[in-house]
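Note sheet for the following structure.
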Amino acid sequence: MPATPSRRSPRAPVRIVHLGLGAFHRAHQAWYTAHADPDREWGIAAFTGRSPAAAAVLERQDDVYTLLTRGSRGDTTETIETIVAAHDGADTDALCDYLARAEVTVVTLTVTEKGYRRATGGGLDFDDPEVTSDQSVLAAAFTADTPIVARGALATMPGRLLWGLEARRRALPDATIALIPCDNIDDNGPALRTVLRDLANTLSPALGDWLEAQVDVVSTSVDRITPRTTTEEIDAAAARMGVRDDALVITEPFHSWILSGTVRGTRPRWEDAGAAFVSDIRPFERRKLWLLNGAHSSLAYEGLLRGHETVSDAITDPVCTARVRELWDLDEALLASAGPDLDLGGYRDALVERFSNPSIAHRLRQIASDGSVKLRARALDPLRRAREQGKDDAGARGLIDAWARFVVAETRAGRTLDDVAAAELTRRARAADPHLALLDFLAPDLGA
């Protein structure tokens with residue numbers, strides 16, 4: 001039986017809380033922190049989302065894991081010890097305990113687009129049953145003589161995070177804290193602030209005022225292809241390394257983290273690991289959302305329809321590649337006058353090389369999940385901007401078309417859609433005109 005990874009250095013003190021303990025966080029923010037913190041001053045307490053499985057695996061391994069980086073020159077491995085505590089996301093008592101500590105000054109998030117629970121207009125979706133449940137639980141806690149929320153009673157990121165921030169407000173009313181969302185959402189900083197403010201405004205005017213005064217929210221653009229690790233890959237790595245790491249993360253050499261916003265409190269010097277702070281995040285986040293994430297979605301839907309399984313397979317298919325280049329031509333036309341030199345030609349060339357990396361098995365079904373949410377930024381935003389500017393929107397329409405054909409094909413094949421709106425999409429896919437019914441759901445203003 002191979003050994004498991006073990007911690008070689010003393011645990012750093014918890015000074016960062018992370019929500020969304022998945023592979024991307026471990027390949028990105030945890031990696032950046034490890035490389036920017038030679039003195040081990042910045043430990044991360046990480047919380048899972050819906051499933052506690054990732055925390056349980058890390059706990060068995062002393063919260064240590066291996067990062068396997070696969071590039072054209074071969075594989076490299078390193079042991080990451082930045083995470084010093086892993087928790088079930090339902091453990092809101094632990095979350096409140098950490099956020100009530102003065103030394104904790106940063107919260108990072110990777111909860112995926114759907115984790116923000118936004119309505120079509122961008123505000124908090126109060127029609128979401130789990131949002132309304134969290135609102136009810138928190139309303140009772142805010143009016144109780146002894147505010148208590150039972151473990152597992154809160155289900156959403158806005159509900160859990162707001163409850164933790166209320167604990168900080170009570171314990172440290174004059175302390176600042178920085179929230180740093182790292183999800184693929186246009187203007188992810190304002191998106192996070194909006195859903196928290198919307199929920200706070202229904203519960204406590206004092207908390208809403210405190211959020212505005214004491215909480216910094218930073219916008220980011222993040223990039224590092226990190227596919228889901230399979231059991232077969234874990235077995236192969238164990239045979240090669242002599243160490244069985246059930247929390248193994250596989251990623252590519254490329255990494256990027258661009259941040260914009262004020263952080264009044266202390267934070268790691270992520271710049272020392274290659275991160276960049278800029279005055280305007282929007283051109284960079286749109287370059288990434290439209291060119292990389294949009295292309296990923298295009299390859300996923302068109303590729304799956306054509307029998308491919310991974311990005312590296314689909315990018316070799318001329319039909320899939322033509323769709324991607326059509327989308328990129330539109331995106332480049334929209335970004336050409338964005339302001340900073342985005343090196344769009346070089347960025348496109350680098351994406352083709354990254355997508356073609358056969359050692360990164362980025363599965364199309366993983367990318368295809370939650371298209372009804374992801375396409376808001378990846379297709380609808382560039383489509384609307386193209387129409388406003390009188391540009392050809394064929395690339396964006398092609399992506400929406402591929403998604404609709406994929407949803408219809410999956411429904412007719414009897415497969416369950418991996419989408420937050422799966423039931424509604426399935427119903428519309430069975431309509432007399434399924435493409436119109438799906439478009440009306442995705443963007444009612446574009447149905448005509």
Side-chain angles (χ1 to χ4, degrees), residues 17-22 45-55 87-100 107-171 177 179-183 185 188-212 214-215 217 370 372-373 419-424:
V17 165
H18 180 79
L19 304 185
L21 175 54
F47 289 78
T48 62
R50 289 189 173 275
S51 169
H87 297 274
D88 180 354
D91 190 354
T92 48
D93 285 347
L95 178 64
C96 289
D97 176 66
Y98 287 124
L99 293 185
V107 178
T108 56
L109 301 92
T110 51
V111 296
T112 75
E113 295 94 327
K114 64 182 177 181
Y116 291 73
R117 307 298 180 115
R118 295 192 301 165
T120 302
L124 187 62
D125 184 3
F126 286 103
D127 291 329
D128 183 322
E130 290 188 331
V131 170
T132 56
S133 174
D134 281 6
Q135 183 185 24
S136 177
V137 169
L138 290 172
F142 272 87
T143 56
D145 292 335
T146 304
I148 296 174
V149 168
R151 180 187 175 113
L154 297 174
T156 71
M157 177 277 289
R160 291 172 176 176
L161 180 53
L162 193 69
W163 183 237
L165 291 172
E166 168 63 8
R168 187 175 185 87
R169 184 184 74 89
R170 294 195 304 267
I177 192 168
L179 309 183
I180 306 179
C182 300
D183 290 291
I185 302 175
N188 54 19
L192 177 60
R193 185 178 286 281
T194 296
V195 296
L196 292 176
R197 182 193 62 217
D198 287 353
L199 184 56
N201 286 345
T202 70
L203 300 167
S204 166
L207 177 57
D209 292 342
W210 182 84
L211 290 176
E212 293 299 321
Q214 301 302 124
V215 178
V217 184
D370 294 312
S372 66
V373 178
D419 195 290
V420 67
E424 182 62 19

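Atoms considered below: every heavy atom in the structure, side chains included; atoms not considered: hydrogens, waters and symmetry mates. Because the structure is a prediction, the values reported are computed rather than measured.
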At their closest point, which heavy atom of [X] faces which heavy atom of [Y], and how far apart are they?
{"X": "P158", "Y": "V195", "answer": "CG-CG2, 4.2 Å"}
{"X": "C96", "Y": "G164", "answer": "SG-CA, 3.9 Å"}
{"X": "L109", "Y": "H18", "answer": "C-CE1, 3.6 Å"}
{"X": "R160", "Y": "G49", "answer": "NH1-O, 3.5 Å"}
{"X": "V420", "Y": "S372", "answer": "CG1-OG, 4.1 Å"}
{"X": "P181", "Y": "Y116", "answer": "CB-OH, 3.2 Å"}

Looking at G89, is its backbone amide N or carbonyl O close enough to the side chain of T48 to form a donor-acceptor pair, meaning the two atoms are under 3.5 Å apart?
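Confirmed, T48 side chain pairs with G89 backbone.
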Has R117 got a side-chain atom pairing as donor or acceptor with D125's backbone, closer than 3.5 angstrom?
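Side chain of R117 to backbone of D125, a donor-acceptor pair under 3.5 Å: no, none is there.
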For residues 139-153, tabulate all N or O donor-acceptor pairs below 3.5 Å that involve a side-chain atom, not counting sequence neighbours.
from, atom 1, to, atom 2, distance (Å)
T143, OG1, A139, O, 3.0
T143, OG1, A140, O, 3.2
R151, NH1, D91, OD2, 3.4
R151, NH2, D88, OD2, 3.4

So Q214 and I177, side chain to side chain contact (heavy atoms under 4.5 Å, CB included) or not? Walk me through it.
CA-CA 7 Å; Q214 301 302 124; I177 192 168; over 6 Å; no
Quick one: [atom1] on [X] to [atom2] on [Y], what's the gap to the nearest 0.5 Å?
{"X": "I185", "Y": "E113", "atom1": "CD1", "atom2": "CD", "answer": "6.0 Å"}
{"X": "E212", "Y": "L207", "atom1": "CD", "atom2": "CG", "answer": "10.5 Å"}
{"X": "T156", "Y": "L162", "atom1": "OG1", "atom2": "CG", "answer": "9.0 Å"}
{"X": "L211", "Y": "R193", "atom1": "CG", "atom2": "CZ", "answer": "7.5 Å"}
{"X": "L19", "Y": "T108", "atom1": "CG", "atom2": "OG1", "answer": "7.5 Å"}
{"X": "N201", "Y": "D209", "atom1": "CG", "atom2": "CG", "answer": "8.5 Å"}

Using the rule given for side chain to side chain contact (heavy atoms under 4.5 Å, CB included), can you reason through I180 versus V107, listing the C-alpha separation, both sets of side-chain angles and the distance that settles it, and then say yes or no?
CA-CA 6 Å; I180 306 179; V107 178; over 6 Å; no
From CA spacing to verdict: side chain to side chain contact (heavy atoms under 4.5 Å, CB included), L165, W210
CA-CA 9 Å; L165 291 172; W210 182 84; 4.1 Å; yes
Evaluation steps, side chain to side chain contact (heavy atoms under 4.5 Å, CB included), between H87 and L95:
CA-CA 9 Å; H87 297 274; L95 178 64; over 6 Å; no
Heavy-atom check, side chain of T194 versus side chain of R118, under 4.5 Å:
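No, every pair of side-chain atoms sits at 4.5 Å or beyond.
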Which residues satisfy the side chain to side chain donor-acceptor pair (under 3.5 Å) test with T202, sequence neighbours excluded?
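In terms of side chain to side chain donor-acceptor pair (under 3.5 Å), with neighbours along the sequence ignored, T202 is linked to Q135.
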Pairing residues for D198 by the side chain to side chain donor-acceptor pair (under 3.5 Å) criterion, not counting sequence neighbours
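For D198 there are no side chain to side chain donor-acceptor pair (under 3.5 Å) partners, ignoring immediate neighbours.
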Applying the side chain to side chain donor-acceptor pair (under 3.5 Å) criterion to K114, which one of D128, D370, D183, D419 satisfies it?
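Result: among D128, D370, D183, D419, D370 is the only option passing the side chain to side chain donor-acceptor pair (under 3.5 Å) with K114.
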